[in-house]
Structure formats: C-alpha cells, structure tokens
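Beneath this line is the structure, given in structure tokens, with notes to follow.
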Amino acid sequence: GVDLVESGGGSVQTGGSLTLSCTASEFPSNINCVDWFRQAPGKTREGVAAMHLNLKSTFYADSVKGRFTISRDAAKNTVYLQMNNLKPEDTAVYYCATEAAVRGECPVSVRWVASWGQGTQVTVSS
C-alpha cells in the first residue's frame, strides 16, 4: 500500500483554524482519490472531505461545508485539509486515506479505503 504521513493536528479554541497535511510516498495509477476521515471517541469513522486527483472534484460532508477546504500540492505529493471556524464537535482523530474512484466518484467509505495514515489529533475547546 501507499505510505501516508500526516501532520498538523493540535489544540485550538472554538473559531480557530488548523491545516492538516498528508504526504504520500506515491500515488499509484489505480489510486485517484485522497480522503480525510475523522473519528471521535465512541463514534464511527466518518468521511469529511475528499478530492479526485485527476478530475479535481471535491466532496465535503454537510457538517464541514463552508469551513473545511481540501487541496493538493502535486509536486509534493501532499494533500491538505484547511479547517476554519473550528467547533468543539470537530474534535476527533483525523486520518487521511486513499481510494480508487468508483464510476468517476470518490466513494468516501471506510470499506473502499486502500491505505490509511496514522491519524492526527484535533482538539477544539469551547
């Protein structure tokens, strides 16, 4: 699988911002989606953002639309998640992941993930 290294987590107050980075060892030709998932204590892992690397299309969960932005620096094999106006409910471990697109769209589903990053903690205090 692809090695994914994440960085950028931390603790902020409500309304603060963080940028997460996910650097891949490579993106094989069959992998065309990079996603960000998160998992809060006692909750299931949920997809919050995704980018189709070829089509440049993006997906955002309703809970983060307008606040989170996914972007890519192809030269650095790095995908970013800019998180603004953070809320306590955004507190979770954030994971980047790779997927193969299904019919041109990123599934953003745990069952379709090919590789996971190690996770980075984001804590938002009120």
Side-chain angles (χ1 to χ4, degrees):
V2 176
D3 291 328
L4 300 172
V5 178
E6 301 167 22
S7 61
S11 297
V12 296
Q13 292 188 325
T14 297
S17 298
L18 285 172
T19 300
L20 306 182
S21 300
C22 173
T23 300
S25 55
E26 62 171 345
F27 286 119
S29 58
N30 64 317
I31 293 296
N32 34 28
C33 294
V34 176
D35 310 335
W36 286 96
F37 288 78
R38 68 185 181 188
Q39 188 164 19
K43 295 190 175 181
T44 57
R45 194 168 295 191
E46 62 171 348
V48 296
M51 170 178 280
H52 192 296
L53 300 178
N54 306 118
L55 301 179
K56 308 297 192 293
S57 53
T58 55
F59 158 86
Y60 296 97
D62 287 344
S63 57
V64 306
K65 275 181 185 175
R67 300 187 299 120
F68 289 12
T69 303
I70 189 169
S71 62
R72 177 194 182 193
D73 185 332
K76 296 182 178 178
N77 267 1
T78 298
V79 173
Y80 303 96
L81 186 68
Q82 173 70 42
M83 306 184 294
N84 297 326
N85 191 22
L86 284 160
K87 304 175 181 180
E89 52 264 42
D90 295 318
T91 295
V93 178
Y94 284 70
Y95 300 88
C96 67
T98 61
E99 291 178 313
V102 177
R103 291 186 290 278
E105 294 188 355
C106 298
V108 201
S109 172
V110 170
R111 64 188 290 259
W112 288 96
V113 167
S115 297
W116 290 100
Q118 81 280 9
T120 186
Q121 177 71 46
V122 171
T123 302
V124 186
S125 57
S126 57

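Throughout, residue positions are numbered sequentially from 1 according to the sequence presented. Note that this is a predicted model, so its numbers are computed, not measured.
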Other cluster members, Val102 - Ile/Leu/Val/Met/Phe/Trp/Tyr, side-chain contacts below 4.5 Å
Trp112
State, to 0.1 Å, how close Asp35 and Ala50 come at their nearest heavy-atom pair, and which atoms those are.
OD1-CB, 3.1 Å
Taking the side chain from Asn85 and the backbone from Arg67, do they hold a donor-acceptor pair closer than 3.5 Å?
no
Does a side chain donor of either Ser125 or Gln13 reach within less than 3.5 Å of an acceptor in the other side chain?
no
Taking every non-hydrogen atom, the tightest pair across Thr14 and Ser126
OG1-CA, 3.4 Å
With a 4.5 Å limit on heavy-atom distance, are the side chains of Gln121 and Thr91 in contact?
yes
Do Thr78 side-chain atoms and Lys76 backbone N/O form a donor-acceptor pair below 3.5 Å?
yes
Heavy atoms only: give me the nearest Val122-Gly9 pair and the separation to one decimal.
CG2-CA, 4.3 Å
Would you confirm whether Ser25, through its side chain, and Asp3, through its main-chain N or O, come within 3.5 Å as a donor-acceptor pair?
yes
Any side-chain heavy-atom pair from Asp90 and Arg38 closer than 4.5 angstrom?
yes
To the nearest 0.5 Å, how far apart are OG in Ser7 and CD in Gln118?
8.5 Å
Ignoring hydrogens, what is the shortest heavy-atom contact between Glu99 and Pro107? Give both atom names and the distance.
OE1-CD, 3.4 Å
Note: with side-chain heavy atoms under 4.5 Å as the link, the other cluster members for Val108 come out as Phe37, Phe59, Val93, Tyr95, Val110, Val113, Trp116
For the residue pair Leu20 and Glu6, establish whether any side-chain heavy-atom pair is separated by less than 4.5 Å.
no
Any chance CD of Glu105 has more than 12 other-residue heavy atoms, nucleotides or ligands included, within less than 6.0 Å?
no
For the residue pair Lys65 and Asp62, what are the closest heavy atoms and their distance?
NZ-OD1, 3.2 Å
Side chains of Asn77 and Thr23 only: does a donor on one sit below 3.5 Å from an acceptor on the other?
no
